[in-house]
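What follows is a single structure, written as structure tokens, with notes after it.
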Protein chains: 2
Amino acid sequence: MLPSNQPKPKNNTEIAVEKLRGLIFSGELPAGSNHLETELAVRLGMSRTPVREAALMLEAQGLLEVRARKGVRILPVSVQDMEEIYDVLTALESMAAGQAANAGLDHSALAGLEAAIADMETALDQGNREDWAEADDRFHTELVRLSGNSRMIAIVALMADQVRRARAITLYLRPLPVKSNEDHRQVLDAISAGDAETARDIHKAHRDAAKSTLVALLKQNRLHML
Amino acid sequence: MLPSNQPKPKNNTEIAVEKLRGLIFSGELPAGSNHLETELAVRLGMSRTPVREAALMLEAQGLLEVRARKGVRILPVSVQDMEEIYDVLTALESMAAGQAANAGLDHSALAGLEAAIADMETALDQGNREDWAEADDRFHTELVRLSGNSRMIAIVALMADQVRRARAITLYLRPLPVKSNEDHRQVLDAISAGDAETARDIHKAHRDAAKSTLVALLKQNRLHML
DNA sequence: CTCTGGATTTATGTATACGTTAATGTATAC
DNA sequence: GTATACATTAACGTATACATAAATCCAGAG
């Protein structure tokens with residue numbers, strides 16, 4: 001079978017999950033806002049059943065909250081939430097970096113990381129923060145993907161989702177991430193060299209620094225909720 | 001308000017989640033088995049709607065799979081699954097151990113860990129594997145609880161759920177966990193001493209060893225699926 | 001005897017109706 | 001003027017009916 005790029009037929013519940021995620025990330029359903037199931041059903045052009053099922057799934061993913069007679073509430077992300085999420089990401093990604101170093105991956109297997117770093121550098125030179133953020137995200141996703149651990153991949157994706165809005169806001173508040181790019185390069189070098197401990201340690205330090213920077217930024221700007 | 005031990009009123013979906021979890025862990029719904037929604041609804045004494053919603057939630061938790069026209073399938077846990085889960089637990093718990101060491105916790109805050117270790121030692125002396133497993137579980141849960149990271153706590157609980165059946169089976173196959181108890185004690189000592197790096201490293205080594213033991217045991221006994 | 005095509009069955013996916021319950025608003029008593 | 005109790009309302013939780021699509025079964029041809 002040829003690689004089918006056909007969008008496989010999805011049921012309405014899956015469609016509702018995707019649409020709601022889109023509405024949340026785009027800010028059309030802002031953090032803290034409440035929405036009745038009926039209202040969302042009309043908006044998505046389907047009945048309450050799939051909308052309700054989608055809401056329950058998104059609740060499990062930590063994006064919203066289903067409350068009796070109050071509708072679904074889009075969960076805001078507090079500074080404390082950000083700290084929690086960064087810690088989880090740090091723990092999992094650092095392990096992934098160590099495992100990648102131990103896996104003895106050849107050059108081609110590391111091409112994804114290499115490309116992400118190159119793109120980050122290009123974006124940085126051009127001062128294009130959006131592109132940098134995309135490539136940075138790609139680096140972290142790829143790092144975890146190399147672990148081959150499906151649970152790790154899923155958890156990291158979930159956590160990344162939860163901070164997506166906050167990152168978009170702080171993207172233009174933070175200093176240009178020059179140090180960050182150096183860190184990424186060092187992590188890749190350690191993985192190439194098969195040095196698991198260095199890969200782990202550098203990545204952990206990188207993430208911890210990113211967390212500190214972000215938290216300080218949020219507090220400076222009085223952004224306690226996002 | 002006095003501490004209300006009244007079981008707070010739960011809706012049928014929550015009840016269905018609990019009952020289904022119970023049926024899965026008890027083995028009444030064995031790994032790999034398929035069950036129609038209607039059938040489960042009759043069994044739980046409610047209509048399909050809450051059963052279906054519960055199934056979707058349990059699917060998000062990785063305990064089963066909802067397939068169109070094939071009913072829900074209780075997911076078996078393969079050796080590879082166990083490896084993945086142990087790696088996630090290792091990463092998160094190790095970080096938690098390090099954070100606990102850095103938190104400067106006093107003796108009373110560590111009482112839970114202390115008690116768990118004491119219970120493990122008692123159970124070991126008596127050769128009571130069930131009690132040992134319970135106390136071991138408590139140690140790991142408590143370690144993560146000390147981090148105060150609600151996401152970490154939730155993820156660890158989820159992962160622990162998925163290996164619960166497998167652990168019950170291997171509990172009587174494995175050698176008596178003498179080394180394990182020594183490890184726990186060392187982790188607690190490092191936390192007490194505020195030595196984050198040692199706490200992290202020892203705990204990681206402990207978990208990695210546990211994973212190796214378990215995987216070897218499963219393969220020796222041809223238990224590829226649980 | 002095997003394989004193919006179509007009819008049939010059946011379980012899910014979805015819509016909808018209804019009961020339940022909590023929130024809101026109003027009226028009355030203090 | 002305030003507080004309380006009751007009526008009203010509105011949204012969810014649940015049951016159920018129905019549409020849809022896949023799996024099964026059977027017949028007929030090769």
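Quick note: numbers below take in every heavy atom, side chains included, and nothing from hydrogens, waters or symmetry partners. Chain identifiers are assigned alphabetically (A, B, ...) following the order of the sequence lines, protein sequences preceding nucleic acid strands; residue numbering begins at 1 within each chain.
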- For DNA chain C, just give me the dot-bracket, please: Watson-Crick or G-U, both distances below 3.5 Å, ( ) intra-strand, [ ] crossing earlier pairs, | paired with another strand, . unpaired. ||||||||||||||||||||||||||||||
- side chain to side chain contact (heavy atoms under 4.5 Å, CB included) between B:L105 and B:L146, intermediate numbers included: CA-CA 9 Å; B:L105 301 170; B:L146 286 177; 4.1 Å; yes
- Can you name the residues that form a ring pair (Phe, Tyr, Trp, His ring centres under 6.0 Å) with A:H35, not counting sequence neighbours? none
- Before accepting this row, confirm whether a basic side-chain N of the pair A:D161/A:R164 lies closer than 4.0 Å to the acidic partner's carboxylate O. yes
Name the atoms and distances for all side-chain donor-acceptor pairs under 3.5 Å in residues 218-226 of chain B, with sequence neighbours left out.
from: B:N221; atom 1: ND2; to: B:L217; atom 2: O; distance (Å): 2.7
from: B:R222; atom 1: NH1; to: B:K219; atom 2: O; distance (Å): 3.2

- Task: Return the value, rounded to whole Å, for the distance between atom CD of A:E37 and atom P of C:dA15.
- Result: 14 Å
- Between C:dT21 atom P and A:R69 atom CZ, what is the distance in whole Å? 8 Å
- Item | Selection residues 130-139 of chain A - residue pairs positive for side chain to side chain donor-acceptor pair (under 3.5 Å), sequence neighbours left out | A:D119-A:R138, A:N128-A:D131, A:E130-A:Y172, A:W132-A:N181, A:E134-A:R138, A:D136-A:H140, A:D136-A:R167, A:D136-A:H184
- Task: Measure from the side chain of B:N12, starting at C-beta and using heavy atoms only, and say which of D:dA15, C:dA11, C:dT14 lies closest.
- Result: D:dA15
- Among residues 44-56 of chain B, which residues get a heavy atom nearer than 4.0 Å to DNA chain C? B:R48, B:R52
- Item | Pairwise salt bridge (Lys or Arg N to Asp or Glu O under 4.0 Å) hits with a residue in residues 57-67 of chain B, at least two apart | B:E65-B:R73
- Query: Side chains of A:N149 and A:Q99: is there a donor and an acceptor less than 3.5 Å apart?
  - Reply: no
- Task: Among the candidates C:dT14, D:dT14, C:dA11, find the nucleotide nearest to the side-chain atoms of B:N11.
- Result: D:dT14
- Less than 4.5 Å apart, any side-chain heavy atom of B:E14 and any of B:K19? no
